[in-house]
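FYI, side chains are in, hydrogens and waters are out, and symmetry mates aren't considered; it's all heavy atoms of this structure. Along the sequence shown, the residues carry numbers beginning at 1. For ligands, and for the atoms within them, numbers begin at 1 and follow the listed sequence.
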Amino acid sequence: MISEAQLHVYDSPEELHKAVASTLVDVIWRAILDRDICILALSGGETPRPIYRKLGSPPFREQIEWEKVHLLFGDERMVPPNDPRSNFGMVQHELLAAISIPPKNVHRIPGEVDPAVAAREYESNLRMLLSDGRKRIDCVLLGLGEDGHTASLFPGSSVLQEEKALVHPVSSEQTGTWRVTITIPLINAARTVIFLVKGKEKAEIVRRIAHIPKPTIDLPASLVEPDDGKLVWMLDREAASGVVPSRRHP
Ligand code: 6PG
């Protein structure tokens with residue numbers, strides 16, 4: 001379930017970070033060239049932190065027309081922004097504090113309110129942003145949990161059956177806190193989806209996803225199959241040690 005063409009393996013975490021930052025700059029450039037806007041959904045968790053830091057530093061920062069970029073969040077833990085678990089708080093610290101992006105272009109999931117209300121608000125925010133037919137999310141950056149979850153889409157969750165809603169609250173069973181997540185249909189409607197995976201602790205789950213014959217709700221990341229967009233897996237060598245790297249970038 002991960003084709004050779006989709007798999008890009010980098011020798012070190014630093015090489016991976018540089019490659020992902022460059023790829024995001026390229027995606028942003030193309031989107032702005034084609035449509036004068038780029039809609040980018042960011043992943044939470046720890047893996048993307050150094051990449052957001054890179055995007056907020058020279059030379060990457062200066063290569064992006066931030067006033068034409070809209071930042072979304074793939075998911076959020078239902079805590080206030082200043083809580084160390086907040087994905088928005090992490091992005092604020094690593095990226096937003098370093099760039100001049102119009103506040104209206106940053107579409108935060110309000111972690112401090114009731115999960116169902118936050119999901120409803122975020123859904124209507126996204127539907128407004130994507131309202132004209134041409135607009136889709138240009139790129140969704142996703143992480144991968146060791147259980148095969150991505151965003152806050154966890155194994156066996158009823159949210160995985162969702163076919164219409166773009167956003168959903170997720171109960172706290174698996175995570176300790178309530179969360180709000182974008183759904184598989186919204187992810188699969190994107191022009192580009194990038195999985196960013198690093199570290200030997202992810203090798204086994206990458207191997208499992210790479211070898212399953214078909215998507216399964218037991219491995220939510222396997223349900224990510226863009227309708228007509230591009231799917232890219234960008235891994236460091238440790239995370240890819242369970243699969244044959246198709247192209248090992250220097
Ligand atoms: C989150 C993310 C989640 C994350 C994976 C991997 O809010 O935590 O959306 O899906 O990407 O759990 O997390 P790490 O990058 O910290 O390993």
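Each of the atoms 11 (O) of ligand 1 lies under 4.0 Å from some heavy atom of Ser43. Every atom of ligand 1 with a heavy atom of His149 under 4.0 Å away is listed here by number and element: 3 (C), 5 (C), 10 (O), 12 (O). Those atoms of ligand 1 that come under 4.0 Å of a heavy atom in Gly143, given as number and element, are 11 (O). Counting the atoms of ligand 1 from 1 in the order shown, those under 4.0 Å from a heavy atom of Asp75 are 1 (C), 2 (C), 7 (O), 9 (O).
When hydrogens are left out, the protein atom nearest atom 16 (O) of ligand 1 is Glu46 N, 2.8 Å; that is the closest non-hydrogen contact. Counting only heavy atoms of the protein, atom 8 (O) of ligand 1 lies nearest to Arg77 NH2, 2.7 Å. Protein heavy atom nearest atom 13 (O) of ligand 1, with residue, atom name and distance: Gly45 CA, 4.1 Å. Among protein heavy atoms, atom 6 (C) of ligand 1 sits closest to Leu144 O, 3.5 Å.
Exactly one residue among Glu163, Glu162, Lys164, Gln161 makes a side-chain contact (heavy atoms from CB on, under 4.5 Å) with Thr183. That residue is Glu162.
Between Arg30 and Asp34 there is no salt bridge, since no side-chain N of the basic residue sits under 4.0 Å from a carboxylate O of the acidic one. Ion pairing between a basic and an acidic side chain is recognised when a charged N comes within 4.0 Å of a carboxylate O; Arg207 and Glu204 show such pairing.
A donor-acceptor pair under 3.5 Å is formed between the side chain of Lys202 and the backbone N or O of Leu144. Using a distance-only test at 3.5 Å, with no hydrogens or angles considered, no donor-acceptor pair links the side chain of Glu112 to the main chain of Pro81.
Residue-level proximity to ligand 1 for Thr47 is carried by backbone and side chain together, each with a heavy atom below 4.0 angstrom.
Of the polar atoms of Ala151, at least one N or O is found under 3.5 Å from an N or O of ligand 1, judged by distance alone. At least one N/O-N/O distance between Lys202 and ligand 1 falls below 3.5 Å.
Taken from NE2 in His8 to CG in Leu16, the straight-line distance is 11.5 Å, to the nearest 0.5 Å.
Heavy-atom distances between Arg179 and ligand 1 reach below 4.0 Å in at least one pair.
Residues Pro115 and Arg179 fail the side-chain proximity criterion, which asks for heavy atoms closer than 4.5 Å.
Using a 30° and 60° split on the angle between ring planes, Phe195 and Trp233 fall in the parallel class, below 30°.
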